[in-house]
Amino acid sequence: MSEEIRLQVYLSRSGVASRRASAEIIRNGRVRINGQAVTEPGHRVSQGDLVTVDGIAVAPEQDAIYLAINKPAKVICSADDPEGRTSVLDLVADSYPQRLFTVGRLDYMTTGLLILTNDGDFANALSHPRSGVIKKYRVEAKEPVPRDMLEQWKEGVRVRGVKYQLSDFVFEGRKTVVLSLSEGKNREIRNVFASRSINIRSLERVQYGGLSLGNIKPGRFRELSRAEIDALLQQAQNRSHRPRRRGPSKKDGK
């Protein structure tokens, strides 16, 4: 690191979290620079500064890692859980001991495609609300899915004061539909279905941008190729948050 950079950028490049999540960590008083607590995300970090998060020293990673994992049900996305549940990070820890975090999240029972990385700029480019990267989810319901609900959702619906908007949908059966979302708010699909008293049997993310699950089995993972990384970045419309180009590490995934 040859130049001063903002603290939240420093943390994202250190694999602590995305820029937005790093800003929250800083505001919560969990970060110290040279022993002094810092709560301003824009604080400048210089070469030689000692930065710690929860008492653990962190520094920018030399090798950027980009993984696609097929998240099983009953696995969380957070690194810390007071209940001691299995995290997706536990599934890759033996092969990748570096600090990694997820690009977005899937809830406890939702399965499917999830991206792990230590490149905060890459994560920020993909997860920014204006990125426009389409995520696709296959929903299997216990009851027939009403077409009118999906049509209304495309126009924009409010559930408990939160506005949700669907990009597109394709039926695969009376009870199975593939939904496309460009943003995807917390528990959006479950909340919209629950508002119409429709029970979800299974919910799986099957695609993130042009990246699909392919033959990755539940609990398994693989590294993304340079072409896949570049393709995802090209699909992100928020050019102002485009990350630096860094090559992936060479280690094989599962």
Any non-hydrogen side-chain atom of [X] less than 4.5 Å from a side-chain atom of [Y]?
{"X": "V51", "Y": "V45", "answer": "yes"}
{"X": "E183", "Y": "Y164", "answer": "no"}
{"X": "N124", "Y": "S12", "answer": "no"}
{"X": "I25", "Y": "V16", "answer": "yes"}
{"X": "R138", "Y": "S202", "answer": "no"}
{"X": "E172", "Y": "V177", "answer": "no"}
{"X": "L113", "Y": "L211", "answer": "yes"}

Nearest heavy-atom pair of [X] and [Y]: which atoms, and what distance?
{"X": "S182", "Y": "S167", "result": "N-OG, 3.4 Å"}
{"X": "R99", "Y": "N118", "result": "O-CB, 3.2 Å"}
{"X": "K71", "Y": "Y108", "result": "NZ-O, 3.2 Å"}
{"X": "P72", "Y": "T111", "result": "C-CG2, 3.9 Å"}
{"X": "L224", "Y": "A68", "result": "CD2-CB, 3.7 Å"}

Quiz item: Looking at residues at least two apart in the chain, or sitting in another chain, which of them share a salt bridge (Lys or Arg N to Asp or Glu O under 4.0 Å) with R85?
Solution: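 R85 satisfies salt bridge (Lys or Arg N to Asp or Glu O under 4.0 Å) with D81, E83 only.
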Quiz prompt | For R105, all residues meeting salt bridge (Lys or Arg N to Asp or Glu O under 4.0 Å), sequence neighbours excluded | solution =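 Listed in chain order: nothing, the list is empty.
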Quiz item: Quick one: which of R187, K74, R205 gives a salt bridge (Lys or Arg N to Asp or Glu O under 4.0 Å) with D107?
Solution: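 The option that passes is R187.
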Quiz prompt | Contacts of type side chain to side chain contact (heavy atoms under 4.5 Å, CB included), residue N28, not counting sequence neighbours | solution =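 In terms of side chain to side chain contact (heavy atoms under 4.5 Å, CB included), with neighbours along the sequence ignored, N28 is linked to E24, R30.
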Quiz item: At what distance, to the nearest 0.5 angstrom, does CD of Q8 lie from CD of E40?
Solution: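 Q8 atom CD to E40 atom CD measures 8.5 Å (nearest 0.5 Å).
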Quiz prompt | K185: which of N191, V159, V162 passes side-chain contact (heavy atoms from CB on, under 4.5 Å) | solution =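 Single pass found, and it is V162.
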Quiz item: Can you check salt bridge (Lys or Arg N to Asp or Glu O under 4.0 Å) on E140 and K175, steps first, answer last?
Solution: CA-CA 6 Å; E140 182 181 352; K175 299 180 181 180; over 6 Å; no
Quiz item: Is a side-chain donor-acceptor pair under 3.5 Å present for Y96 with E223?
Solution: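 Yes - a donor-acceptor pair under 3.5 Å links their side chains.
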Practice problem: For the pair E4 and Y10, evaluate side-chain hydrogen bond (donor to acceptor under 3.5 Å, both in side chains) and give the outcome as yes or no after the intermediate values. | Solution: CA-CA 9 Å; E4 288 188 347; Y10 183 96; over 6 Å; no
Verify the neighbour count for atom [atom1] of [X]: are there more than 12 heavy atoms of other residues, nucleotides or ligands below 6.0 Å?
{"X": "K136", "atom1": "NZ", "answer": "no"}
{"X": "D148", "atom1": "CG", "answer": "yes"}
{"X": "N186", "atom1": "CG", "answer": "no"}

Quiz item: Would you call E228 and R222 a salt bridge, taking side-chain N to carboxylate O under 4.0 Å as the test?
Solution: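 Yes, charged N to carboxylate O under 4.0 Å.
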Quiz item: Got a salt bridge between R19 and D121, using NZ or NE/NH1/NH2 to carboxylate O under 4.0 Å?
Solution: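 Answer for the salt bridge query: yes.
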Self-check item: F101/L89 under side-chain contact (heavy atoms from CB on, under 4.5 Å): CA gap, chis, key distance, verdict
Solution: CA-CA 7 Å; F101 54 89; L89 302 178; 5.7 Å; no
